[in-house]
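The first residue in the sequence is number 1, and the count goes up from there.
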Amino acid sequence: MITNPTRQRALRGHKPTRPTPRVANTAEHQAVLAWRLTPRDKWIARMLWEHKVLTAHQITALAFPSFRSGRMRLRELYLWGVVDRFQPFVTLGTAPMHYVLAPAGAAVLAAEDGLDIKELGYRHDRVFGVAHSLRLAHTVGVNEWFTALVDRARHPHPGEQVELAAWWSETRCARHFGDLIKPDGYGRWRLSDQHSGQGNDRQVEWFLEYDFGTEPLSKLAGKLVGYAALAQATGITTPLLVWLPTSRREATARRLLAKAWRELDDRRSVPIATAAAELLNPEAVHPSPADEVWLPLTAAAGASRRALSGLPDSWPHVPPPVTPTEDGPVGADSPQPMLPPPSPMPPVSTSSRAPRGAGRAGRW
């Protein structure tokens, strides 16, 4: 009737509901997920558990061919309770959606490893607490740094094979080395150049110090004592990479680092290289820390910057990395058992479409 029109909201389609934390851990819901989740979905869940939070853009760069396909699949994982999401407030523009592990995803990981949720150590309130953490921007920045390497490895140059073979989170590094050092991450990069005809395989591993421009650089330089102590305790020389936001801040950091480095008892045990984010080529299709932006601390004035895979040439005394066990580099010792870190590279591409009957993703 003209005096009682149907409201527009009544014409909307049915909005699917998300499972509550209690329902997410039931056998019925887990049975549904066993039918719906692909190896890539489970890998995303493991990456979120390892690295706390990843943005929609980062997950897309890590595992999907396009942002649209990643957005649609993430929405499905959200509706199934595998991942949760939040959007931080920013003063300008709109922040990307940030994703964390949800209860149903944690239940899947625990079941795969023969654990229950309590043994896994998962608590929904703690996981979501990263949304209010004062270190959220720093955590997202570190994850963006490693994500750029994965994205670069997924799009190699002709005639080369590259891979991010290891990516440890700050939490995992703290569990293993926290009594001496607390780096922002540990990584290992592998490059095989097929142009030479010999398939030369080059590897470099490192600890990362990611400077966000908010920490006093004197504090950064003071960390070298801990890295030297770790090298002495383990007998393993692991390079330290320092990433800074600008060239100006990098120049200041290099002066302070050089002064602290010269005061070490064994300077050769702490090889150092620095780079600045503004040195990346903004016109490159996939700019990443693998590019020629690194300058060893001992480089002569006017020396050219090196690519990540070329850094070992600056430290001939550092032996090639030893293939790590699933628990990490040789010499690492965690006081408590942890789940092995997930492979930084996504599993072989699988279709992100849900099985027939699982429902459409709709709009996000």
Side-chain angles (χ1 to χ4, degrees), residues 47-54 121 126-127 129-130 132-147 149 164 166-189 204-245 249-250 253-254 256-257 259-261 263-267 269-275 277 289 297 321 324 327-342 344:
M47 291 292 283
L48 290 174
W49 179 237
E50 173 76 11
H51 303 294
K52 294 186 178 181
V53 57
L54 294 168
R126 290 183 178 177
V127 167
V130 72
H132 307 285
S133 172
L134 297 179
R135 290 179 56 82
L136 173 62
H138 183 271
T139 300
V140 171
V142 172
N143 291 346
E144 180 70 23
W145 193 92
F146 280 99
T147 295
L149 287 177
L164 182 61
W167 171 11
W168 280 25
S169 66
E170 179 182 7
T171 301
R172 184 174 295 274
C173 289
R175 287 283 298 272
H176 283 260
F177 313 112
D179 56 335
L180 295 174
I181 62 171
K182 293 182 180 180
D184 295 316
Y186 162 84
R188 180 190 298 265
W189 182 253
V204 57
E205 64 178 352
W206 65 87
F207 289 119
L208 174 68
E209 286 289 344
Y210 183 93
D211 178 74
F212 211 60
T214 58
E215 183 181 64
L217 291 176
S218 57
K219 183 177 179 180
L220 173 65
K223 296 179 180 180
L224 299 190
V225 175
Y227 285 102
L230 178 66
Q232 181 180 9
T234 62
I236 301 173
T237 300
T238 305
L240 173 63
L241 302 186
V242 182
W243 186 262
L244 300 117
R249 187 168 174 85
E250 182 192 14
R254 287 181 63 85
L256 295 176
L257 288 170
K259 180 180 178 181
W261 182 76
E263 295 175 355
L264 298 177
D265 294 334
D266 184 7
R267 292 175 290 183
S269 66
V270 189
I272 304 172
T274 66
L297 192 63
D327 290 329
V330 175
D333 183 21
S334 176
Q336 297 179 0
M338 292 184 68
L339 297 182

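The main-chain N or O of Glu250 is never found under 3.5 Å from a side-chain atom of Thr274 such that the two would form a donor-acceptor pair. Using a distance-only test at 3.5 Å, with no hydrogens or angles considered, no donor-acceptor pair links the side chain of His51 to the main chain of Thr139.
Of all heavy-atom pairs between Trp206 and Tyr186, the closest is O-CD1, 3.2 Å. Of all heavy-atom pairs between Ala221 and Ala260, the closest is O-CB, 3.6 Å. Annotation for Ser218 and Leu256: closest pair N-CD1, 3.9 Å, computed over non-hydrogen atoms. Leu180 and Ala233 make their closest contact through CD1-CB, 4.5 Å (heavy atoms, listed as atom of the first residue, atom of the second, distance). When all heavy atoms of Pro321 and Arg188 are compared, the pair lying nearest together is CB-NH1, 2.6 Å. Taking all atoms of both residues into account, the shortest heavy-atom contact from Gly185 to Cys173 is C-SG, 3.8 Å.
Side-chain atoms of Val142 and Phe212, non-hydrogen and from C-beta on, never get closer than 4.5 Å to each other. The shortest side-chain heavy-atom distance between Leu230 and Phe207 falls under the 4.5 Å cut-off. Contact of the Asp184 side chain with the Trp145 side chain is not registered, since no non-hydrogen atoms from C-beta on lie closer than 4.5 Å. Side chains of Trp243 and Pro289 form a contact here, defined as non-hydrogen atoms less than 4.5 Å apart. The side-chain heavy atoms of Val127 and Leu48, taken from C-beta on, include no pair separated by under 4.5 Å.
In the model, Glu209 has a side-chain atom that pairs as donor or acceptor with a side-chain atom of Tyr227 under 3.5 Å.
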Side chain to side chain contact (heavy atoms under 4.5 Å, CB included) evaluation trace for Trp167 with Asn143: CA-CA 10 Å; Trp167 171 11; Asn143 291 346; 3.7 Å; yes
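The OG1 atom of Thr147 sits 6.0 Å away from atom CG of Leu54, with the distance rounded to the nearest 0.5 Å. Put simply, CG on Leu240 and OG on Ser269 are 11.0 Å apart, with the number rounded to the nearest 0.5 Å.
Annotation for Gln232: atom CD does not count as buried by contact number, only 12 or fewer foreign heavy atoms lying within 6.0 Å. By the neighbour-count criterion of 12 heavy atoms within 6.0 Å, atom CG of Asp265 is sparsely surrounded, having that number or fewer from other residues, nucleotides or ligands.
For the side-chain contact (heavy atoms from CB on, under 4.5 Å) with Val242, the lone residue among Leu208, Leu297, Leu220 that qualifies is Leu220. Of the candidates Lys52, Arg135, His138, Arg135 is the only one forming a side chain to side chain donor-acceptor pair (under 3.5 Å) with Glu170.
With sequence neighbours excluded, no residue forms a side chain to side chain donor-acceptor pair (under 3.5 Å) with Thr238.
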